[in-house]
Amino acid sequence: IALAVTSGNASVIQKQAHAIKGGAANLTANRLAGVAHDLERFGKARDMDACTSSFQLMTDEIDRLYEFLIENDIPVVPDPTITDDTSDQT
């Protein structure tokens, strides 16, 4: 999205913000979902000034979510020590 904001690609902003909105809603990260919704709306309206501001707010919310996950010992990346045993099933 950062590249789309920099280059003024409103349709990419709209599509990617929509995806983030859905993912955030699934996590009940409501503030992030709300900011992503705003960014999606601004992308649809091709309001690049609002997209720039909203993108910064969204990255701030992503940082807040990441900090929350770390502080609560919630894994934020796949743990390489965990294996997927489903590939061995026949």
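The figures here come from the full heavy-atom set of this structure, side chains too, leaving out hydrogens, waters and symmetry mates. Remember, it's a predicted structure, so these values are computed and weren't measured experimentally.
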* Check step by step if side chain to side chain contact (heavy atoms under 4.5 Å, CB included) holds for D60 and Q56. => CA-CA 6 Å; D60 292 345; Q56 183 58 54; 2.9 Å; yes
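- Checked for salt-bridge contact, E67 and R64 miss the test: no charged N lies under 4.0 Å from a carboxylate O.
- Residues V12 and F55 do not share a hydrophobic cluster, clusters being chains of Ile/Leu/Val/Met/Phe/Trp/Tyr side chains in contact below 4.5 Å.
- Scanning both residues, A17 and I1, for their nearest heavy atoms gives N-CD1, 3.9 Å.
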* To do: List the steps and the verdict of side chain to side chain contact (heavy atoms under 4.5 Å, CB included) for R41 and D38.
  => CA-CA 5 Å; R41 197 168 33 90; D38 291 343; 3.0 Å; yes
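- A donor-acceptor contact closer than 3.5 angstrom is absent between the side chains of N30 and T28.
- With hydrogens and angles ignored, the 3.5 Å screen pairs no side-chain donor or acceptor of S53 with any backbone N or O of A50.
- Distance check, rounded to the nearest 0.5 Å: CZ of R31 to CD of E61 gives 4.5 Å.
- The only option from M58, Q16, K21 that meets the side chain to side chain contact (heavy atoms under 4.5 Å, CB included) definition with L39 turns out to be M58.
- For G43 against I13, the heavy-atom pair with the smallest separation is CA-CG2, 4.3 Å.
- Nearest heavy atom pair, residue A33 against residue A25, reads CB-N, 4.0 Å.
- By the criterion of side-chain heavy atoms lying less than 4.5 angstrom apart, applied directly or through intervening Ile, Leu, Val, Met, Phe, Trp or Tyr residues, F42 is not grouped with L32; the two fall into different hydrophobic clusters.
- The structure places OG of S11 at 13.0 Å from NZ of K44, a figure rounded to the nearest 0.5 Å.
- Of all non-hydrogen atoms in M48 and A10, the two that sit nearest each other are SD-CB, 4.2 Å.
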